[in-house]
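What follows is one structure encoded as structure tokens, with my remarks underneath.
Heavy-atom basis, side chains included; hydrogens, waters and symmetry copies ignored.
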Amino acid sequence: MAAGWFRRLLHKPKPSSVESSLNSSRSASSSPSSSSAESSSSSPSSSLVRSVCLSPVSTPDINASGSARWAKSYDVCICHSEVDLELVEELVSYLEAQPESFRCFLQLRDATPGSAVVTELCDAVQNSHCWVMLITPGFLQDPWCKYQMHQALAEAPLANGRTIPVLKDVERKDYPRELRNLYYISMVQKENSFRQIRDTLLRYLQELCRSSTSSTE
């Protein structure tokens with residue numbers, strides 16, 4: 001019996017070459033996956049993304065002596081009806097008291113005595129960077145307000161931030177057709193509206209100074 005058992009042991013079949021190759025391929029393919037994942041997570045592209053740091057865009061100083069702001073006499077002209085003078089004086093006081101000391105053209109205060117109204121309105125538009133249109137029921141009924149509005153639109157027909165419509169006590173349907181391609185500020189809360197006007201002015205002047213600086217470089 002011992003001889004028969006020994007004979008069977010000698011004749012036990014060996015694993016086939018196909019099984020051996022499959023086992024070796026499994027063992028070869030099991031480990032690199034984790035290492036490739038590790039290598040991909042630390043690939044040059046990802047490390048490059050981590051290493052790239054965008055430099056912040058510098059804010060131009062609109063008060064600098066060589067600023068494009070000083071190319072015009074006023075930062076903003078307030079176009080308004082005489083019945084809204086009290087509100088406009090509050091707005092002008094607010095803007096002129098800001099750190100930027102915005103230069104405002106107020107017709108009854110800054111117009112040259114003895115000059116023609118048409119001349120003064122046109123000069124105010126041409127000598128100002130921006131124009132605030134205080135659109136109220138009085139504005140819609142005042143022909144001089146409409147005249148100045150048309151002068152401003154002729155000066156800057158594109159919606160580039162220079163014309164700033166402010167709507168007060170006027171329904172949307174009565175909003176001037178000429179301004180309907182422009183977003184407006186709705187004056188519901190006076191303080192918030194004043195702040196929006198100030199931010200809009202500052203943004204335009206900063207962009208003006210930035211573009212003029214880049215064009216001279």
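Listed for the Trp131 side chain is no donor-acceptor partner under 3.5 Å among the backbone atoms of Cys79. Panel note: side chain Ser211, backbone Glu207; a donor-acceptor pair is recorded below 3.5 Å. His129 contributes no side-chain N or O that, together with a main-chain N or O of Leu205, makes up a donor-acceptor pair within less than 3.5 Å.
In this structure, Glu178 does not pair ionically with Lys146, as no charged nitrogen and carboxylate oxygen lie closer than 4.0 Å.
Rounded to the nearest 0.5 angstrom, Leu106 CG and Ser93 OG are separated by 9.0 Å. Note: Ile197 CD1 to Leu91 CG = 4.5 Å, rounded to the nearest 0.5 Å. Between the CG atom in Asp75 and the CZ atom in Arg103 there is a gap of 4.0 Å [rounded to 0.5 Å]. One finds the CD1 atom of Ile62 at 5.0 Å from the CD atom of Glu100 (value rounded to the nearest 0.5 Å). Atom-to-atom distance recorded for Gln107:CD and Gln148:CD is 6.5 Å, nearest 0.5 angstrom. To the nearest 0.5 angstrom, Trp70 atom CH2 is 5.5 Å from Asn63 atom CG.
The shortest distance between side-chain heavy atoms of Val76 and Ser128 does not fall below 4.5 Å. Taking the side chain as every heavy atom from C-beta outward, Met149 and Leu179 approach each other to under 4.5 Å. Residues Tyr147 and Asp142 fail the side-chain proximity criterion, which asks for heavy atoms closer than 4.5 Å.
The side-chain contact (heavy atoms from CB on, under 4.5 Å) check on Thr136 picks up Asp84, Leu134, Phe139, Lys168, with sequence neighbours excluded. Looking at residues two or more places apart in sequence or on another chain, you find a side-chain contact (heavy atoms from CB on, under 4.5 Å) between Val83 and Ser81.
The nearest pair of heavy atoms linking Ser193 to Val188 is OG-N, 3.9 Å.
Relative orientation of the Phe105 and Tyr74 rings is perpendicular, given thresholds of 30° and 60° on the angle between their planes.
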